[in-house]
Amino acid sequence: MSTSQAPVWSAKDAANLSHTIVHNVEQVLQGKHLQVEQALAAVMAGGHVLIEDVPGLGKTMLARALAVSVGLSFKRIQFTADLMPSDIVGGPVYNPKDGSFVLRPGPVFANIVLADEINRANPRAQSALLECMEEGQITLDGQTVALPAPFTVLATQNPIDMAGTYPLPEAQLDRFLIRLSLGYPDAETEAGLITSQQFSHPITRLQPVCAVGDFARLVACAHDVTVTPEIARFMTAIVAATRSHPAIRFGASPRGTLGMARMARALSCLRGRSYVDPAVVREVAVPVLAHRIILQNQGSTPKSAEAVIQDILLSQRTPQ
């Protein structure tokens, strides 16, 4: 049965499956409930995720556990300085039997693609992802080839080791729906890791919890979440404020506004709501907008982008 013929899910059905997926991922990534929820919501919204944190906090495990839990295909690309665009998207390969060239698909042909340490690749290799992330397709040897749907890039980068790295250009940062930071686990969670990983890593025992077709219905439910005109104006006002704030040189584009709406719909659906409320908008504003603004960087102790977005949120009146 196609998803168009399948019964329409209620908000409760969507929330039940979402909670099951989140709980399954948390068997691998413990103590990071909010980040797991946000990453799942981004995948439901058809967006891409940039995970920025120090090594060893589970960035790769989050991507793998999400892919396994929802039953989607997964590929990993280790970004290095000598990586070529063809190593990412593929290219024509010579067939000596008949002298022809056959298109060889690259590792981007998967539902969830982990771009590990994305800022270690040169700009030419990084740019190979631009068409993939924006249009869900690639152009190989003059042919346009669609990527699997859904398609999500989960990219990681280490913000403290900048030697031999190439900062992501603003145009590519803007294509990530959200930017997350996992942070260190608390002491109790970290102590529990010693027991849970005594003999093997939990990722080796993880099983899918999403039946074929169910994730597509979950995505459809997220699309159906209502955004009232008042909430739409609230989101627009937040983004507009990034363009006039004295600490911001360049504010977010309309892509940021649309990203907030997509993320708010998906997170509301994940939590069993059929509408977006102001609290969810405020929750998604920082992960959606902080990486899309460019600060003035004036003064001895400039605020972070996250702090500036929080200031903007405090200045906005919450709709009733």
4.5 Å side-chain heavy-atom contact, [X] and [Y]:
X: Thr80; Y: Gln78; value: yes
X: Pro167; Y: Asn119; value: no
X: Ile77; Y: Leu114; value: no
X: Leu295; Y: Phe250; value: no
X: Glu52; Y: Leu180; value: no
X: Leu182; Y: Ile51; value: yes
X: Leu129; Y: Ile118; value: yes
X: Arg175; Y: Arg255; value: yes

Hey, does the side chain of [X] reach the backbone of [Y] with a donor-acceptor pair shorter than 3.5 angstrom?
X: His48; Y: Phe176; result: no
X: Thr189; Y: Pro185; result: no
X: Asp13; Y: Ser10; result: yes
X: Thr226; Y: Thr228; result: no
X: Lys59; Y: Asp53; result: yes
X: Arg120; Y: Ala81; result: no
X: Asn111; Y: Phe151; result: no
X: Asn24; Y: Gln207; result: yes
X: Arg262; Y: Ala45; result: yes
X: Arg292; Y: Ala252; result: no

Let me confirm one number: the [atom1]-[atom2] distance from [X] to [Y], rounded to the nearest 0.5 Å.
X: Asp174; Y: Leu168; atom1: CG; atom2: CG; result: 12.0 Å
X: Cys269; Y: Asp224; atom1: SG; atom2: CG; result: 8.5 Å
X: Arg64; Y: Leu29; atom1: CZ; atom2: CG; result: 13.0 Å
X: Leu50; Y: Gln172; atom1: CG; atom2: CD; result: 9.0 Å
X: Glu283; Y: Ser268; atom1: CD; atom2: OG; result: 9.0 Å
X: Arg265; Y: Cys221; atom1: CZ; atom2: SG; result: 13.5 Å

Please name the pair of heavy atoms, one in [X] and one in [Y], separated by the smallest distance, quoted to 0.1 Å.
X: Ala266; Y: Ala222; result: CA-CB, 3.9 Å
X: Ala285; Y: Leu313; result: CB-CD2, 3.7 Å
X: Met263; Y: Ala41; result: CE-CB, 3.8 Å
X: Leu72; Y: Pro150; result: CD1-CG, 4.0 Å
X: Ala125; Y: Ala121; result: CB-CB, 3.9 Å
X: Gln296; Y: Pro246; result: CG-O, 3.4 Å

So which of Val113, Leu66, Ile112, Val68 actually passes side chain to side chain contact (heavy atoms under 4.5 Å, CB included) with Phe74?
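With Phe74 as partner, Val113, Leu66, Ile112, Val68 yield a single side chain to side chain contact (heavy atoms under 4.5 Å, CB included), made by Ile112.
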Would the number of heavy atoms belonging to other residues, nucleotides or ligands and lying under 6.0 Å from [atom1] of [X] be above 12?
X: His201; atom1: NE2; value: yes
X: Arg104; atom1: CZ; value: yes
X: Arg243; atom1: CZ; value: yes

What about [X] and [Y], same hydrophobic cluster or not, with Ile/Leu/Val/Met/Phe/Trp/Tyr joined at side-chain heavy-atom distances under 4.5 Å?
X: Val108; Y: Val145; value: yes
X: Leu270; Y: Val209; value: yes
X: Leu206; Y: Leu154; value: no
X: Ile178; Y: Val281; value: yes
X: Val36; Y: Met61; value: no

One thing to verify: whether Asp311 and Lys303 come together as a salt bridge, which I'm taking to mean a side-chain N less than 4.0 angstrom from a carboxylate O.
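Here Lys303 pairs with Asp311 in a salt bridge, since their nearest N and O are under 4.0 Å apart.
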Side chain to side chain contact (heavy atoms under 4.5 Å, CB included), that's the test. Do Asp87 and Met84 meet it? Break it down for me.
CA-CA 5 Å; Asp87 298 325; Met84 299 293 291; 3.5 Å; yes
One pair to check against side chain to side chain contact (heavy atoms under 4.5 Å, CB included): Val25 and Leu40. What are the steps and the verdict?
CA-CA 10 Å; Val25 174; Leu40 174 59; over 6 Å; no
Are a donor atom and an acceptor atom from the side chains of [X] and [Y] found within less than 3.5 Å of each other?
X: Glu37; Y: His33; value: yes
X: Thr139; Y: Glu131; value: yes
X: Arg282; Y: Thr318; value: yes

With side chain to side chain contact (heavy atoms under 4.5 Å, CB included) as the criterion, how do Val239 and Thr236 come out once you've worked through the C-alpha distance, each side chain's angles and the decisive distance to 0.1 Å?
CA-CA 5 Å; Val239 177; Thr236 303; 6.0 Å; no
After noting the C-alpha distance and the side-chain angles of Val89 and Phe109, does the key distance pass the side chain to side chain contact (heavy atoms under 4.5 Å, CB included) rule?
CA-CA 8 Å; Val89 301; Phe109 283 86; 5.9 Å; no
